[in-house]
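Any value given below was found using the heavy atoms of this structure, including those in side chains, with hydrogens, waters and symmetry copies removed.
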Amino acid sequence: MIKKIYKLLNIDTSKFKKVYLFMLIVILFSGILSIFVRYPMSWYDEQVHYARVISYSHNLNPKGETYISEGEQEFIQRSMGTIAKSLDQKTPNILSLDWKHDFKTLNKSKKLVKTRDAIPASVYTPIVYLPYILATWVANILRLDIISSFIFLRLIGFLSVFILLILAFRKLPFGKATLLMIASIPTVILSFTAISADTLTYGLIFLFVAHMLNLYQKIALSIKIKRVEFVKLLIISVLLVLAKMPAFAVLALYLPMIYIGIKDKKLSKFQIIFLFTSLLFCAFLTIVWYLSIKDINGNVTYYGNTLIDQGKQLKFILSHPLRTLRVFIENILDFPYFDFQLGYSDFQRGMQVPVIISIFSLFSILNSFKIQDSEQPLIDKKERIIYNSFSRLIFIGVSLLIYLIFYLQVTEVGSEKISGVQGRYFLSFLILLVPFSNGKSFLSIKQSKYVLYASVIPAIYYILLMFYQLRN
């Protein structure tokens, strides 16, 4: 049985297959546990995305009115009321096996009412919520009540991204350790388990980069590639650009692949045209999407902050370029990159992983590039440098783009502080840093195992923290 699992995961010849399986079990266990014991809306903006999912289940038009049932609206309001109380005082509710008892008298009315809670998620397409929308339809067919439906949505979302994680893990020619280390960060696990626009995005980014590394290696080594591989890449690319706006920048990984394909004549004319067309098509989709939402700012409508204005902010940036540059540099340098969020909790210290424990993840990820899972063919030095340079520049570019988006959409005009940026927005893009190796400076098997086990410490901490809160 265990051998079949190793083969399914494509690690039957790996030196670290037992450790990889252990890491996947930790991710799966902590994820499933979180789904059932964490209070509704206990992850940041979960109420917003839940309301958006329900409204999409009634009407897939992104510009349509947002409606949910009276019972679902009451469910959100009660949940957020409890969350608000937990911020002022210690409660036994946010992580509990009995949180469902708080909703025994929940209104069961199916009458639709217009909701404001979905407004901040107005910029997201139905694609990013697809697993949840399908789960909502199934829940309606099964006539599940509101609480059971909510748990079902969380479960389907988690299983969807976990399957994408497995597919990416199987596809990666190397860097499997890095992928699992990123996925085992508690903040990432919680993003997997909550109803969120981040959930599917994580899985698609992982899968896209895995396909890119696989294809680039084959092209560099002049290995014949089936057409279906390029078709799969296009499908993943389309889904990715329709998930979240900054994700389009990741598609710049097409460029080094096209470059070596043309310069070194390692791709056919059809393959080059197909890749160029795919990239242009995804760019077109992104532009159309942006034009359709550029005048929408759900945060302004929802929170009523009239000092936020994208047009005025852009004019301010162009009028004060040096000041804006200083603001960006100061905010980037002052950002708490070591704070791993854990959502709302029964007590203040339970809302994030201590920095001293978070460091284990970051230390392990940086050292994971030196872990040699199995013998890998080396690609040409020039081609290696091209990809590695591009992927690092893309990571920097995406990070800057995240700051820019929040400066335009969430920050008051002329403010010295960029509002809304959270560490979890950068974590999915860490997979871009997986490099093609030069075949030198690898860790020993013993050292590699130490690094792998060290990377799971934050996840183990989160599991123990959950049990501590459940016990108390």
Side-chain angles (χ1 to χ4, degrees), residues 9 11 16 19-31 34 158 160-194 196 198-214 236 240 243-244 246-247 250 253 337-342 352-353 357-371 373 388 391-392 394-396 398-399 402 422-435 448 451-463:
L9 296 172
I11 54 172
F16 311 109
V19 189
Y20 288 157
L21 184 59
F22 171 72
M23 294 174 74
L24 283 168
I25 290 171
V26 169
I27 295 168
L28 183 62
F29 175 76
S30 56
S34 297
F158 174 71
S160 298
V161 73
F162 191 77
I163 290 171
L164 291 176
L165 173 66
I166 295 296
L167 293 174
F169 183 75
R170 280 177 48 84
K171 192 70 177 178
L172 277 171
F174 52 89
K176 294 179 187 289
T178 309
L179 176 62
L180 291 189
M181 287 176 185
I182 296 169
S184 63
I185 295 173
T187 306
V188 177
I189 294 173
L190 281 166
S191 294
F192 287 178
T193 61
S196 170
D198 294 329
T199 307
L200 191 64
T201 307
Y202 267 102
L204 290 172
I205 290 172
F206 292 160
L207 192 57
F208 175 80
V209 175
H211 269 267
M212 270 296 176
L213 285 168
N214 186 280
I236 297 167
L240 183 58
K244 272 200 167 184
V250 179
L253 284 177
Y337 294 100
F338 293 101
D339 283 354
F340 288 168
Q341 299 164 307
L342 295 178
Q352 62 186 44
V353 178
I357 294 179
S358 301
I359 288 174
F360 280 102
S361 285
L362 299 175
F363 166 81
S364 299
I365 289 171
L366 291 175
N367 281 278
S368 68
F369 307 145
K370 300 177 183 178
I371 294 176
D373 184 54
N388 293 348
S391 61
R392 288 163 187 166
I394 293 168
F395 177 77
I396 295 171
V398 170
S399 300
I402 290 170
Q422 298 177 40
R424 59 194 172 103
Y425 300 136
F426 304 96
L427 296 177
S428 60
F429 297 105
L430 288 174
I431 192 67
L432 287 167
L433 299 179
V434 174
S448 297
V451 171
L452 286 165
Y453 282 121
S455 71
V456 191
I457 290 175
I460 298 296
Y461 169 84
Y462 169 60
I463 293 172

Give a yes or no on whether the ring-centroid distance for F192 and Y202 is below 6.0 angstrom. yes
Within the 6.0 Å centroid threshold, strictly below: Y20 and F169: yes
What is the distance from atom [atom1] of [X] to atom [atom2] of [Y], rounded to the nearest 0.5 Å?
X    : Y    : atom1 : atom2 : value
I396 : L432 : CD1   : CG    : 11.0 Å
F29  : I460 : CZ    : CD1   : 9.5 Å
Q422 : L427 : CD    : CG    : 11.0 Å
D373 : F16  : CG    : CZ    : 6.5 Å

A quick test of your reading: do over 12 heavy atoms of other residues, nucleotides or ligands sit less than 6.0 Å from CZ of F363? no
Which atom pair, heavy atoms only, marks the closest approach of [X] to [Y]?
X    : Y    : result
S428 : I431 : O-CG2, 3.5 Å
T201 : K244 : OG1-CG, 3.7 Å
T199 : A194 : OG1-O, 3.2 Å
Y425 : I402 : O-CD1, 3.5 Å
A243 : L204 : CB-CD1, 4.2 Å
G31  : T193 : O-CG2, 3.3 Å

Going by heavy atoms in the side chains, are [X] and [Y] under 4.5 Å from each other?
X    : Y    : answer
F395 : L430 : yes
L28  : F158 : yes
V209 : L213 : yes
L24  : F162 : yes
L433 : F369 : yes

Which residues share a salt bridge (Lys or Arg N to Asp or Glu O under 4.0 Å) with K176, sequence neighbours left out: none
Test side-chain contact (heavy atoms from CB on, under 4.5 Å) applied to Y462 and V353, step by step: CA-CA 8 Å; Y462 169 60; V353 178; 5.6 Å; no
Decide yes or no on side-chain contact (heavy atoms from CB on, under 4.5 Å) for L240 and L207, but give the supporting numbers first. CA-CA 10 Å; L240 183 58; L207 192 57; over 6 Å; no
I'd like to know if the side chain of [X] reaches the main chain of [Y], judged simply by a donor and an acceptor atom lying under 3.5 Å from each other, with no hydrogens or angles considered.
X    : Y    : answer
S455 : S361 : no
T178 : I365 : no
S391 : P435 : no

Given the rule in the side-chain contact (heavy atoms from CB on, under 4.5 Å) test, do Y337 and L362 qualify, once you have shown the distances and angles that lead to the verdict? CA-CA 10 Å; Y337 294 100; L362 299 175; 5.7 Å; no
Apply the test side-chain contact (heavy atoms from CB on, under 4.5 Å) to residues I25 and L21: give CA-CA distance (whole Å), side-chain angles for both, the deciding distance (0.1 Å), then the verdict. CA-CA 6 Å; I25 290 171; L21 184 59; 4.1 Å; yes
Side-chain polar contacts of residues 179-190 - donor-acceptor pairs under 3.5 angstrom, sequence neighbours left out - could you list them?
{"unit_1": "S184", "atom_1": "OG", "unit_2": "L180", "atom_2": "O", "d": "3.1"}
{"unit_1": "S184", "atom_1": "OG", "unit_2": "M181", "atom_2": "O", "d": "3.0"}
{"unit_1": "T187", "atom_1": "OG1", "unit_2": "Q341", "atom_2": "N", "d": "3.0"}
{"unit_1": "T187", "atom_1": "OG1", "unit_2": "Q341", "atom_2": "O", "d": "2.9"}

